[in-house]
Protein chains: 2
Amino acid sequence: MPLRIKPSPPHSDGQVAELADLFHLLGDGTRLRIVLACLHAPVSVNSIAGQLGLDNSLVSHHLRLLKAARIVRAERRGKQVFYVAADAHIRRVVTDLLAHLAEPGSGRAR
Amino acid sequence: MPLRIKPSPPHSDGQVAELADLFHLLGDGTRLRIVLACLHAPVSVNSIAGQLGLDNSLVSHHLRLLKAARIVRAERRGKQVFYVAADAHIRRVVTDLLAHLAEPGSGRAR
DNA sequence: TTAACAATTGAACAACTGTTCAATTGTATA
DNA sequence: TATACAATTGAACAGTTGTTCAATTGTTAA
């Protein structure tokens with residue numbers, strides 16, 4: 001029996017669609033910066049907007065999409081609403097890819 | 001000296017923009033399926049189109065973008081042009097994320 | 001209640017983008 | 001050369017989407 005090399009595993013349409021949705025949401029620069037801003041600790045909408053120099057409204061719009069996709073989680077404290085990355089899974093995805101980009105000679109392939 | 005917890009590392013604008021670009025290109029379902037089709041071995045444009053049920057022209061358009069971003073690499077053999085994932089880096093990014101999605105209870109956060 | 005602060009929402013606009021179709025370029029064979 | 005096959009290219013269209021602005025909801029303090 002010959003050695004089988006990388007049978008190129010089949011992927012369900014659902015999995016691919018889910019992955020594409022995740023990529024699509026993180027594929028906007030503004031939205032990605034928002035995710036990075038609340039990746040490790042809860043941050044208020046105002047704080048994110050101030051930190052990134054964006055309009056309050058714009059940040060809220062993006063956070064609504066990120067929340068709907070379960071990428072971030074909302075938590076209200078008094079007047080403010082704090083957002084944070086939904087779980088360790090999301091954190092790993094983003095930090096892993098940033099690490100990948102930082103790899104020597106990985107800027108964009110060889 | 002108190003223990004510093006997750007200083008939330010600063011990310012250069014260039015890194016974030018690069019990462020967003022990568023996400024953006026993989027964020028389209030059709031384009032992601034094309035990348036998956038030639039992830040482990042070189043495949044001709046016709047083969048990709050036939051396999052995915054897409055028009056030849058559409059596949060070529062997408063491959064042009066993927067090639068410009070150095071996500072795939074082109075190689076001509078006679079009449080046909082074969083495309084394959086640019087390097088191990090790209091392969092890891094995609095396969096890792098697919099694995100992440102396959103994790104128990106990871107469909108979208110907890 | 002009133003006032004001030006924080007966040008959300010909806011409408012509207014411009015910019016972008018995925019797709020289709022037709023025409024063209026490149027390559028190999030008769 | 002001529003023919004067929006493979007891939008690329010460009011224009012044009014429709015649909016999507018990021019952003020702005022104004023108005024509204026929710027919360028706390030005076």
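Below, read A as the first sequence line, B as the second, and so on, with proteins coming before strands; counting in each chain starts at 1. Just so it is clear, the structure is predicted and the values come from calculations on it, not from any experiment.
- Here the side chains of B/Leu98 and B/Leu36 are in contact, with some heavy-atom distance below 4.5 Å.
- Between the side chain of B/Ser57 and the base of D/dT8, no donor-acceptor pair of N or O atoms lies under 3.5 Å.
- Two residues, B/His61 and B/Asn46, neighbour DNA chain D, and the one matched to the more 5' nucleotide by heavy-atom proximity is B/Asn46.
- Mapping A/Thr30 and A/Arg77 onto DNA chain D by nearest heavy atom places A/Thr30 at the nucleotide closer to the 5' end.
- Remark: A/Arg31 is in phosphate contact with D/dG18, judged by side-chain N or O atoms under 4.0 Å from OP1 or OP2.
- Nucleotide D/dG26 holds its P atom 17 Å from the CG atom of A/Asn56, rounded to whole Å.
- No engagement by B/Phe82 is indicated, since no non-hydrogen atom pair under 4.0 Å with the nucleic acid exists.
- Ion pairing between B/Glu75 and B/Arg77 holds under the 4.0 Å rule for side-chain N and carboxylate O.
- The phosphate of C/dT8 has OP1 or OP2 within less than 4.0 Å of a side-chain N or O from A/Tyr83.
- Counting heavy atoms from C-beta outward, B/Thr95 and B/Leu39 have side chains that approach closer than 4.5 Å.
- Rounded to a whole Å, the NZ atom of A/Lys79 is 11 Å from the C1' atom of D/dG26.
- Residue-level contact check: A/His62 touches the backbone only, with heavy atoms under 4.0 Å from sugar-phosphate atoms and none from bases.
- Looking at B/Leu54 and B/His62, their side chains never come closer than 4.5 Å, going by heavy atoms from C-beta outward.
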